[in-house]
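I have placed the structure first, in the form of structure tokens, so that the comments after it can refer back to it.
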Amino acid sequence: MMAKSARKYWLLKSEPDSYGIDDLQRDDKTPWDGVRNYQARNSIRDDMHVGDLALFYHSSSDPTGVAGVMEVVGASRFDPTALDPNDHHFDSKATAENPIWSLVDVKFIAKFPKFVTLADLKGDRRFEGMLVLARGSRLSVQPVTEKHFCLVCELGGWKPRT
DNA sequence: GCCAACGTTGGC
DNA sequence: GCCAACGTTGGC
């Protein structure tokens, strides 16, 4: 009998000008495509599993911060946008045999009643050590501890079902 | 393997 | 729009 793997927690960045929490709420489910960084790709491909929860982080917006929560609902698979020459995320090095990049499908869970800004996180010592606060951190797919995940939800005025 | 040049990210 | 930080590329 395989031990059931523990749920993991993540933070996924997107620019709301291109795709934000409202878009996900409208679509209910979306492929999280376009990730073109190897470290982020490895997290998606190797460490994300159905049932994991992720904070939806709005980057390059005013203000930046966490807008809500989504759930991983599909196993990781190759990102087809890498093979599409008309797609903004086309990668000429990707082939059908080796598409290089991966994605997971995510589902809308909640939009926070209160948007949690980056400043909120910076101003709260309980978030010390969180990757998104590290200087120069650009990683668009980050692991988050359960403690930090729950605290962000709390600040957002939303309670995950247990 | 080093490292300069270049491109991108993302907060401000 | 600026620019610091970071990742990738390519010459050597």
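Chain letters run A, B, ... following the sequence lines, proteins first, then strands; residues in each count from 1.
A/Arg26 pairs with exactly one of A/Asp23, A/Asp22, A/Thr30 by the side chain to side chain donor-acceptor pair (under 3.5 Å) rule, that one being A/Asp23.
Within a heavy-atom distance below 4.0 Å of DNA chain B, the residues of residues 121-144 of chain A found are A/Lys122, A/Arg138.
Partners of A/Ser137 under the side-chain hydrogen bond (donor to acceptor under 3.5 Å, both in side chains) rule, at least two apart in sequence or in another chain, are A/Gln142.
The pair A/Asp79-A/Arg41 does not meet the salt-bridge criterion, since no charged nitrogen lies less than 4.0 angstrom from a carboxylate oxygen.
The ring-ring contact (aromatic ring centres under 6.0 Å, His included) analysis of residues 75-97 of chain A, with sequence neighbours excluded, yields no pairs. Legend: ring-ring contact (aromatic ring centres under 6.0 Å, His included) pairs involving residues 6-37 of chain A, not counting sequence neighbours, sorted by first then second residue: A/Tyr9-A/Phe149, A/Trp32-A/Phe56.
A straight line from CH2 of A/Trp101 to C1' of C/dG7 spans 10 Å, rounded to a whole angstrom. The CD-P distance, from A/Glu15 to B/dG10, rounds to 7 Å in whole Å. Atoms NE2 (A/His88) and C1' (B/dT9) sit 13 Å apart, rounded to a whole Å. As a whole-Å value, the separation of A/Leu12 CG from B/dG10 P is 12 Å. Atom-to-atom, CG of A/Asp91 to P of C/dG7 comes out at 18 Å; the value is rounded to the nearest Å. The distance from atom CG of A/Asn37 to atom C1' of C/dC6 is 10 Å, rounded to the nearest whole Å. One interatomic measurement links the two molecules: CG of A/Leu118 to P of B/dT9, which rounds to 18 Å at whole-angstrom precision.
Within the model, atoms CD of A/Gln39 and CD1 of A/Ile44 stand 11.5 Å from one another, a figure rounded to the nearest 0.5 Å. With rounding to the nearest 0.5 angstrom, the CZ atom of A/Arg36 is 4.0 Å from the OG1 atom of A/Thr81.
Counting side-chain heavy-atom gaps under 4.5 Å among Ile, Leu, Val, Met, Phe, Trp and Tyr, the cluster of A/Ile100 also holds A/Tyr38, A/Trp101.
A continuous path of Ile, Leu, Val, Met, Phe, Trp and Tyr side chains, each step under 4.5 Å between heavy atoms, connects A/Val144 with A/Phe127, placing both in one hydrophobic cluster.
Taking only side-chain nitrogens and oxygens, A/Lys13 comes nearer than 4.0 Å to OP1 or OP2 of B/dG10. The side chain of A/Lys93 places an N or O atom within less than 4.0 Å of a non-bridging phosphate oxygen (OP1 or OP2) of C/dT9. The phosphate of B/dT9 (OP1 or OP2) has no side-chain N or O of A/Tyr57 nearer than 4.0 angstrom.
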Scan nucleotides 2-4 of chain B against the protein and return all N/O pairs shorter than 3.5 Å with their distances rounded to 0.1 Å.
none

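Residue-level contact check: A/Thr64 touches the backbone only, with heavy atoms under 4.0 Å from sugar-phosphate atoms and none from bases.
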